[in-house]
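A short write-up of the structure that comes next.
Each ligand, and each atom within it, is numbered from 1 in the order the structure gives. Since we're looking at a predicted model, the values are computed, not measured.
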Amino acid sequence: MAAESGEMSGEVRVGLGFDIHPLVEGRPLRLGGVTIPFERGLAGHSDGDALLHALTDALLGGACLGDIGTLFPDTAPELEGADSRTLLREAYARVRERGFRVAFVDAVVIAEAPRIGPHREAMVAQIREALGEPDLAISIKGKRAEGLGDIGQRRAIACLVTATLRRVG
Ligand code: MG
């Protein structure tokens with residue numbers, strides 16, 4: 001965790017988050033808080049929602065609050081199968097306690113399949129709801145890996161997210 005230095009009201013920061021999970025059979029596919037019909041799902045200790053995990057890390061990073069793995073260890077039995085919206089909500093509460101609010105979220109979901117576009121609005125709604133920020137501007141873009149590597153071979157999905165934070169307190 002990086003040290004916190006000078007505090008200025010109105011200060012703007014951009015936090016960055018990344019996550020990748022394997023795609024496996026026998027799991028529902030959860031992305032952005034939405035269950036997407038697909039033949040496989042993301043493996044993970046929680047529900048495997050790589051988009052919400054990357055967003056959680058972006059928010060924590062912007063507030064210098066560490067990362068999701070430190071806050072919610074994947075060895076914790078109570079987190080097995082956890083709804084990642086709950087982890088996101090708890091992490092954002094800590095970000096708010098630090099004096100920051102999120103002003104903008106930009107995300108890339110790198111997946112060969114399924115297509116992200118048809119689920120974008122539902123994901124945005126889920127994220128706004130989890131954060132308690134009904135008017136938050138959220139951009140979610142799908143990007144294919146053109147057949148390259150594990151993502152291109154449909155063995156994994158990765159997500160990159162930036163979260164713009166403004167200091168309000
Ligand atoms: Mg994860």
Side-chain angles (χ1 to χ4, degrees), residues 1-2 14-95 100 102 104-116 119-120 122-133 136 138-145 148-165:
M1 191 185 305
V14 179
L16 172 65
F18 169 79
D19 199 20
I20 183 167
H21 282 244
L23 268 173
V24 297
E25 290 183 3
R27 298 259 303 181
L29 175 57
R30 293 275 293 183
L31 267 181
V34 175
T35 302
I36 296 175
F38 194 57
E39 75 260 18
R40 280 169 291 158
L42 295 175
H45 185 64
S46 66
D47 61 9
D49 193 325
L51 177 53
L52 294 193
H53 295 175
L55 171 57
T56 300
D57 261 356
L59 293 166
L60 291 171
C64 290
L65 283 170
D67 62 46
I68 188 171
T70 308
L71 216 54
F72 309 108
D74 63 8
T75 50
E78 69 273 17
L79 294 178
E80 191 170 348
D83 185 331
S84 295
R85 291 173 299 183
T86 305
L87 311 186
L88 174 62
R89 189 178 295 118
E90 288 186 25
Y92 187 51
R94 296 183 191 217
V95 170
F100 291 96
V102 61
F104 177 58
V105 168
D106 192 14
V108 184
V109 178
I110 310 165
E112 203 68 13
R115 288 173 56 80
I116 300 306
H119 308 285
R120 183 182 292 117
M123 292 176 179
V124 166
Q126 287 294 326
I127 292 168
R128 285 175 175 158
E129 165 79 21
L131 295 174
E133 297 281 4
L136 179 62
I138 301 173
S139 155
I140 301 174
K141 306 176 293 295
K143 182 71 182 174
R144 291 176 54 239
L148 296 170
D150 284 334
I151 297 172
Q153 296 299 313
R154 305 181 181 211
R155 288 194 288 266
I157 290 177
C159 297
L160 279 164
V161 178
T162 59
T164 304
L165 304 183

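Among pairs with a residue in residues 22-31, those fulfilling salt bridge (Lys or Arg N to Asp or Glu O under 4.0 Å) read R30-D47, R30-D83, at least two apart in sequence or across chains.
The salt bridge (charged side-chain N to carboxylate O under 4.0 Å, His left out) check on E129 picks up nothing, with sequence neighbours excluded. Applying the salt bridge (charged side-chain N to carboxylate O under 4.0 Å, His left out) criterion to D150, with sequence neighbours excluded, gives R155.
A side chain to side chain donor-acceptor pair (under 3.5 Å) with E112 holds for exactly one of R154, K143, R144, Q153; it is R144. When each of V124, V105, V161, D106 is checked for a side chain to side chain contact (heavy atoms under 4.5 Å, CB included) with S139, only D106 meets the rule.
Distances under 2.8 Å from the Mg ion (ligand 1) pick out the protein N/O/S atoms D19 OD2, H21 NE2, H53 ND1.
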Would I127 and E133 satisfy side-chain contact (heavy atoms from CB on, under 4.5 Å), going step by step from the backbone distance to the final call? CA-CA 8 Å; I127 292 168; E133 297 281 4; over 6 Å; no
